[in-house]
Amino acid sequence: GGVERRAGASDFARLEDVLVDGGVEVGVSLDADGAESSGAAAAAAPAVQQSLQLTGLQLAEWRLFGVDALFKQGGLVSSPPFRFHHVLLGDMYLELVPGAPHPEHCALFFRCRVPTMRLRVKLEVGGGSFSKSFEAVGKSSWETDLKESRCLQVNLSAPNVLESDGSVVVRAELEEVAAIPA
């Protein structure tokens, strides 16, 4: 068989489709044009100072420093990948979109890369000043999740939301695995 995936795709392939003479061959190829455009994309992405700390199997704390600078640069900001509960649930990460839906607000999203995964999560900012539980779904865009209210919207100008150093702390908790891929 021959199965090809591009740009870090996380779609799954059936084992029968990738077996060749009882083995699996894995290769990576980079073209010069792709490397140049990747470099340009990386240069356009905002420089982010952040930390991520996991506690137990169901809690993560994502700290973003220099929030004012993030808003000036604009664009989606993603946390490093992490794993809750069980390695088989795949990589998860948090996203922040500055200026959504209003200039002084941001929208926070919980992401899982498994297309059919459904997780009930709770996001919290400002020691509980802003908090929401919702069902995060795999393979969804931030625009769709914002429209369907699968996110936490935060007014960063509200009292006690930003830390004294100007950072924002996002706490994420896995409440329930609602649906696991078949």
Side-chain angles (χ1 to χ4, degrees), residues 8-12 42 45-71 73-101 104-146 148-182:
S10 59
D11 294 334
F12 293 96
V48 179
Q49 292 185 359
Q50 59 182 303
S51 69
L52 179 70
Q53 181 178 350
L54 298 177
T55 304
L57 298 174
Q58 294 177 282
L59 297 172
E61 182 178 281
W62 183 36
R63 183 178 299 263
L64 290 151
F65 301 94
V67 173
D68 288 343
L70 287 178
F71 270 71
Q73 292 175 349
L76 178 77
V77 178
S78 294
S79 76
F82 59 92
R83 296 205 172 185
F84 271 161
H85 190 60
H86 195 283
V87 71
L88 295 178
L89 297 181
D91 286 347
M92 300 164 194
Y93 53 104
L94 299 164
E95 290 180 338
L96 178 144
V97 176
E104 68 281 0
H105 290 205
C106 69
L108 294 160
F109 303 90
F110 184 93
R111 297 279 179 239
C112 52
R113 293 186 175 155
V114 179
T116 56
M117 181 73 70
R118 298 178 86 74
L119 302 170
R120 176 149 291 283
V121 296
K122 178 181 178 183
L123 297 183
E124 179 181 292
V125 172
S129 298
F130 291 87
S131 178
K132 184 176 180 181
S133 291
F134 58 91
E135 194 170 277
V137 297
K139 284 278 193 180
S140 183
S141 69
W142 73 263
E143 294 92 348
T144 300
D145 284 345
L146 183 63
E148 296 184 11
S149 196
R150 292 190 300 241
C151 63
L152 175 62
Q153 296 180 31
V154 177
N155 180 348
L156 293 174
S157 62
N160 303 317
V161 171
L162 294 179
E163 302 292 308
S164 60
D165 64 358
S167 65
V168 64
V169 176
V170 181
R171 290 181 180 83
E173 177 182 356
L174 175 62
E175 295 182 323
E176 175 187 17
V177 177
I180 296 176

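Identified under the side chain to side chain donor-acceptor pair (under 3.5 Å) test for residues 120-132, with sequence neighbours left out: Lys132-Ser149.
Between Leu119 and Phe84, the closest side-chain pair of non-hydrogen atoms is not below 4.5 Å. At least one side-chain heavy atom of Phe134 sits less than 4.5 Å from a side-chain heavy atom of Val121. Counting only heavy atoms from C-beta outward, the side chains of Arg111 and Asp91 never approach each other to under 4.5 Å.
Residues passing the side chain to side chain donor-acceptor pair (under 3.5 Å) test with Arg171 are Glu61, sequence neighbours excluded. Scored by the side chain to side chain donor-acceptor pair (under 3.5 Å) test, Glu175 finds Ser133 as partners (sequence neighbours excluded). With sequence neighbours left out, the side chain to side chain contact (heavy atoms under 4.5 Å, CB included) criterion links Asn155 to Glu104, His105, Phe130, Ser157, Ala158.
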Could you list the donor-acceptor pairs under 3.5 angstrom formed between side-chain atoms of residues 159-166 and any protein atom two or more places apart in sequence or on another chain?
unit_1 : atom_1 : unit_2 : atom_2 : d
Asp165 : OD1    : Ser167 : N      : 3.0
Asp165 : OD1    : Ser167 : OG     : 2.6

Anything under 3.5 Å between a donor and an acceptor, one on a side chain of residues 51-58, the other on a protein residue two or more places apart or in another chain? List them.
unit_1 : atom_1 : unit_2 : atom_2 : d
Gln58  : NE2    : Leu174 : O      : 3.1

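Atoms OG and CE, on Ser140 and Met117 in that order, are 14.5 Å from each other to the nearest 0.5 Å. Separation of atoms CD (Glu135) and CD (Glu148) is listed at 11.5 Å; rounding is to 0.5 Å. Expressed to the nearest 0.5 Å, how far CG of Leu96 lies from CG of Leu152 amounts to 10.0 Å. Going from atom CZ of Phe110 over to atom SG of Cys151 covers 14.0 Å, rounded to the nearest 0.5 Å.
Here the closest heavy-atom approach between residue Tyr93 and residue Arg113 is recorded as CE2-NE, 3.3 Å. Taking every heavy atom of both residues into account, Gln50 and Ser79 meet most closely at OE1-CA, 3.4 Å. Minimum interatomic distance between Ala100 and Trp142 (heavy atoms only, all atoms of both residues): CB-CZ3, 4.4 Å.
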Output, in order, the C-alpha distance, side-chain angles, deciding distance and verdict of side-chain contact (heavy atoms from CB on, under 4.5 Å) for Phe71 and Cys106.
CA-CA 9 Å; Phe71 270 71; Cys106 69; 4.0 Å; yes
Applying side-chain contact (heavy atoms from CB on, under 4.5 Å), run through Phe109 and Leu123 and close with a yes or a no.
CA-CA 8 Å; Phe109 303 90; Leu123 297 183; 5.9 Å; no
